[in-house]
Amino acid sequence: MLTLSYLSELYLLYSNEYSKEVHRFELRGRSFPDPHKPNLMGVINLSSDSWYRESVALDSSSAIRKANILQASGADIVDIGAESSLSYAQRIDDIQQLELLLPIIKELSTTGTLISVETYHLNVAKGCFKAGAAILNLTKGDNLKEFFKVVADYDGGVIINFVRGDNVREVQPIELPKDPLSLLFPYFEKRVEEAFSCGVRKIWLDPGLGFYYPNLLDGPTRIQRQMEIFLHTFRLRKFGWPICHALPHAFECFQDEVRTAEAFFAMLAILGKTDLLRTHEISKVLGVVKTMQLFSSENP
């Protein structure tokens with residue numbers, strides 16, 4: 001059971017890391033991260049294989065409508081992906097991804113929508129930035145310098161995901177060390193150095209909690225590790241960059257109420273000092289953010 005004593009011990013053990021500040025930057029005229037609350041990223045999936053049905057858009061007009069709704073509901077960023085990360089999902093090559101993504105990005109960029117594109121294809125990253133995307137949600141695990149150079153060329157932002165394997169569709173089994181962040185530290189240290197050397201100055205780090213590793217499919221084990229990483233997130237601030245988390249579902253626990261799961265995990269992520277919440281449930285998560293903002297630490 002998660003208890004107040006666990007939270008207290010965690011804070012006392014790593015209190016120096018908790019107070020560390022991260023870089024702030026401007027992206028297309030907007031400042032990130034917000035120093036007062038986490039920013040929100042809404043999700044649009046163009047793949048019919050995507051598990052979260054409410055986020056699926058089967059054509060361009062539907063995607064544009066969903067993007068407008070997400071913004072009106074409180075999303076600071078709209079993340080669009082053309083391929084599901086599920087192991088059994090259909091592969092969508094770079095040409096097909098561009099055919100799906102470009103009309104949507106071109107239309108939304110004219111309205112000032114801040115667009116993030118999730119991909120591990122270099123050509124897709126190039127084409128989407130040229131069409132008006134602002135952020136690359138990078139789901140490739142190795143050989144990233146060419147991607148970082150594209151981001152720098154367009155003065156864009158990048159979400160660097162932790163990926164154990166070549167990309168999110170070709171992941172390898174992942175170790176489960178006692179310290180939930182021990183795999184993340186060396187990975188992000190190397191990636192941040194690479195990004196910075198390529199001229200990237202707008203970065204989020206994402207522990208990749210939503211990816212389907214072949215040895216981490218068991219519900220209780222997976223959920224336990226996700227909760228641990230959410231609460232330990234503040235320790236990653238030592239790299240100096242804001243943290244992004246994709247909020248999970250925990251279907252085994254929530255079942256018929258699975259659409260409320262992301263709101264629960266948002267609370268844990270906020271306690272861990274997450275800066276950007278990627279969610280399929282903008283309205284529900286925004287409610288959590290607003291509620292937690294009402295609490296005053298001056299009145300314990």
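Excluded from the calculations below are hydrogen atoms, water molecules and symmetry mates; all remaining heavy atoms, backbone and side chain alike, are included. Just so we're clear, the structure is a prediction, and the values are computed from it rather than from any experiment.
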> Ignoring hydrogens, what is the shortest heavy-atom contact between His249 and Ala261? Give both atom names and the distance.
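Looking at all heavy atoms of both residues, the closest pair is O-CB, 2.8 Å.
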> Show which side-chain atoms of residues 125-136 pair as donor or acceptor with protein atoms under 3.5 Å away, not counting sequence neighbours.
none

> If you measure from CG on Leu231 to OG1 on Thr274, what distance do you get to the nearest 0.5 Å?
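Answer rounded to 0.5 Å: 9.0 Å.
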> Both conditions, 6.0 Å and 45 degrees, for the charged tip of Lys238 above the ring of Tyr14: are they met here?
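Negative - Lys238 is either too far from the ring of Tyr14 or too far off its axis.
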> With a 3.5 Å distance limit and no angle check, can you tell me whether Asp94 reaches the backbone of Leu122 through a side-chain donor-acceptor pair?
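Checking the backbone N and O of Leu122 against the side chain of Asp94, no donor-acceptor pair under 3.5 Å is found.
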> Report yes if the side chains of Pro38 and Val285 come closer than 4.5 Å at any heavy-atom pair, otherwise no.
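No. Closest side-chain heavy atoms not under 4.5 Å.
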> Taking all heavy atoms of Ile44 and all of Ala67, pick out the closest pair and write down the distance.
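Reported closest heavy-atom pair: CD1-N, 3.5 Å.
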> Excluding sequence neighbours, so at least two apart, what forms side chain to side chain donor-acceptor pair (under 3.5 Å) with Glu281?
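Result, side chain to side chain donor-acceptor pair (under 3.5 Å) vs Glu281: Tyr52, Arg259, Lys284.
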> Is the shortest side-chain heavy-atom distance between Arg30 and Asp76 below 4.5 Å?
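When only atoms from C-beta onward are counted, Asp76 and Arg30 do not touch, as no gap falls below 4.5 Å.
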> Calculate, to the nearest 0.5 Å, the distance between atoms CG and CD belonging to Leu2 and Gln224 respectively.
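It is 9.5 Å, given to the nearest 0.5 Å.
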> Would you please test Ile69 and Arg65 for side-chain contact (heavy atoms from CB on, under 4.5 Å) and show each step?
CA-CA 6 Å; Ile69 292 172; Arg65 178 180 61 82; 3.6 Å; yes
> Test: salt bridge (Lys or Arg N to Asp or Glu O under 4.0 Å). Region: residues 11-23. Which pairs qualify, not counting sequence neighbours?
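Residue pairs passing salt bridge (Lys or Arg N to Asp or Glu O under 4.0 Å), neighbours aside: Glu21-Arg24.
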> Decide side-chain contact (heavy atoms from CB on, under 4.5 Å) for Leu247 and Phe264; before the verdict, give the C-alpha distance in whole Å, the side-chain angles of both, and the deciding distance to 0.1 Å.
CA-CA 9 Å; Leu247 300 177; Phe264 166 74; over 6 Å; no
> Just jot down the side chain to side chain donor-acceptor pair (under 3.5 Å) partners of Ser116, sequence neighbours excluded, or say none.
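Ser116 satisfies side chain to side chain donor-acceptor pair (under 3.5 Å) with Asp79 only.
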> Does a sphere of radius 6.0 Å around CD1 in Ile95 hold more than 12 heavy atoms from other residues, nucleotides or ligands, not counting ones at 6.0 Å or beyond?
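Result for CD1/Ile95: open.
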> Residues two or more places apart in sequence or in another chain: which of them pass side chain to side chain donor-acceptor pair (under 3.5 Å) with Thr139?
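By the side chain to side chain donor-acceptor pair (under 3.5 Å) rule, Thr139 matches no residue at all.
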> So which heavy atom on Ile243 is nearest to which on Pro207, and how close?
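Looking at all heavy atoms of both residues, the closest pair is CG2-CD, 4.2 Å.
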> For Phe162 and Ile174, run side-chain contact (heavy atoms from CB on, under 4.5 Å): C-alpha distance rounded to whole Å, both residues' side-chain angles, the deciding distance at 0.1 Å, then the answer.
CA-CA 11 Å; Phe162 172 83; Ile174 188 170; 3.6 Å; yes
> Flag the pair Phe265 / His245 as yes when at least one side-chain heavy-atom distance between them is below 4.5 Å, and no otherwise.
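Not in contact.
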> Using the side-chain hydrogen bond (donor to acceptor under 3.5 Å, both in side chains) definition, which of the options Asn167, Asp166, Asn161 pairs with Lys140?
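Among Asn167, Asp166, Asn161, the one meeting side-chain hydrogen bond (donor to acceptor under 3.5 Å, both in side chains) with Lys140 is Asp166.
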> With sequence neighbours excluded, tell me which residues meet side chain to side chain contact (heavy atoms under 4.5 Å, CB included) with Pro242.
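Testing Pro242 for side chain to side chain contact (heavy atoms under 4.5 Å, CB included), a comparison that skips the adjacent residues, returns Val22, Phe25, Pro33, Trp204, Asp275.
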> With hydrophobic residues grouped by side-chain heavy-atom distances under 4.5 Å, do Val192 and Leu138 end up in a single group?
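Yes, Val192 and Leu138 fall within the same hydrophobic cluster.
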> Measuring only between side-chain heavy atoms, which start at C-beta, is Pro177 closer than 4.5 Å to Leu183?
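Contact flag for Pro177/Leu183 side chains = yes.
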> Has the side chain of Tyr213 got a donor or acceptor atom that lies under 3.5 Å from a matching backbone atom of Arg164?
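Yes; judged by distance alone, with no hydrogens or angles, the pair exists.
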> Just grab all the salt bridge (Lys or Arg N to Asp or Glu O under 4.0 Å) pairs involving residues 261-271, residues at least two apart or on different chains.
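Applying salt bridge (Lys or Arg N to Asp or Glu O under 4.0 Å) to every pair that reaches into residues 261-271, excluding sequence neighbours, yields nothing.
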> Once the angle between the rings of Tyr18 and Phe234 is folded into 0 to 90°, is it parallel (under 30°), tilted (30 to 60°) or perpendicular (over 60°)?
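Tyr18 and Phe234: perpendicular rings.
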> Using side chain to side chain contact (heavy atoms under 4.5 Å, CB included) as the criterion, list what pairs up with Asp155, not counting sequence neighbours.
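Side chain to side chain contact (heavy atoms under 4.5 Å, CB included) check on Asp155 returns Lys202.
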> Parallel, tilted or perpendicular, judged at 30° and 60°: which one describes the rings of His23 and Trp241?
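Answer is tilted, since the angle falls between 30° and 60°.
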> Looking only at non-hydrogen atoms, find the nearest pair between Ile223 and Ala250 and report the distance.
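So the minimum-distance heavy-atom pair works out to CD1-CB, 3.7 Å.
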> How long is the gap from OG on Ser62 to CD1 on Ile64, to the nearest 0.5 Å?
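Going from the OG atom of Ser62 to the CD1 atom of Ile64 covers 9.5 Å.
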> When you check the gap from the basic side-chain N to the acidic O, do Lys190 and Glu193 get nearer than 4.0 Å?
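Salt bridge between Lys190 and Glu193, a charged N being under 4.0 Å from a carboxylate O: no.
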> If I take atom CD1 from residue Ile77 and atom CG from residue Leu70, how far apart are they, to the nearest 0.5 angstrom?
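Ile77 atom CD1 to Leu70 atom CG measures 12.0 Å (nearest 0.5 Å).
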> Using the salt bridge (Lys or Arg N to Asp or Glu O under 4.0 Å) rule, collect all pairs that involve residues 103-117, keeping only residues at least two apart or in two chains.
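Listed once each, the pairs would be none.
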> Would you give the length of the straight line joining atom CZ of Phe196 to atom CZ of Phe148, rounded to the nearest 0.5 angstrom?
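So the CZ of Phe196 and the CZ of Phe148 are separated by 12.5 Å.
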> Tell me, please, which residues at least two apart from His232 pass side chain to side chain donor-acceptor pair (under 3.5 Å).
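Checked His232 against side chain to side chain donor-acceptor pair (under 3.5 Å); matches are Tyr6, Arg235.
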> Does a side-chain heavy-atom distance below 4.5 Å link Val43 with His280?
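Touching, per the 4.5 Å side-chain cut-off.
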> Does Leu277 reach the side chain of Val288, with side-chain heavy atoms less than 4.5 Å apart?
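Of all side-chain heavy-atom pairs linking Val288 with Leu277, none is under 4.5 Å.
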> Suppose we screen for side chain to side chain contact (heavy atoms under 4.5 Å, CB included). Which residues come up paired with Arg191, at least two apart in sequence or across chains?
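For Arg191, the residues satisfying side chain to side chain contact (heavy atoms under 4.5 Å, CB included) (neighbours in sequence not counted) are Asp142, Leu144, Ile160, Tyr187, Glu194.
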> Assess whether a salt bridge exists between Glu118 and Arg278, defined as any Lys/Arg side-chain N lying under 4.0 Å from an Asp/Glu carboxylate O.
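Salt bridge flag = yes for Arg278 with Glu118.
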> Between Val124 and Leu98, which heavy-atom pair has the shortest distance, and what is it?
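Smallest heavy-atom distance, with atoms named: CA-CD2, 3.8 Å.
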> Name the residue from Leu100, Leu101, Thr113 that meets the side chain to side chain contact (heavy atoms under 4.5 Å, CB included) definition with Ile80.
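Filter result, single survivor: Leu101.
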> For Gln96, which residues count as a side chain to side chain contact (heavy atoms under 4.5 Å, CB included) partner, sequence neighbours excluded?
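Scan of Gln96 (side chain to side chain contact (heavy atoms under 4.5 Å, CB included), adjacent residues dropped) gives Ile92, Asp93.
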> Checking Ser109 side chain against Ile105 main chain: does a donor-acceptor pair fall under 3.5 Å?
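Yes, Ser109 side chain to Ile105 backbone: donor-acceptor pair under 3.5 Å.
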> Say you draw a straight line from CD1 of Ile229 to CG of Leu268; how long is it, rounded to the nearest 0.5 Å?
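It is 12.5 Å, given to the nearest 0.5 Å.
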> What are the two closest heavy atoms between Ser61 and Asp59, and how far apart are they?
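Looking at all heavy atoms of both residues, the shortest contact is OG-OD1, 2.9 Å.
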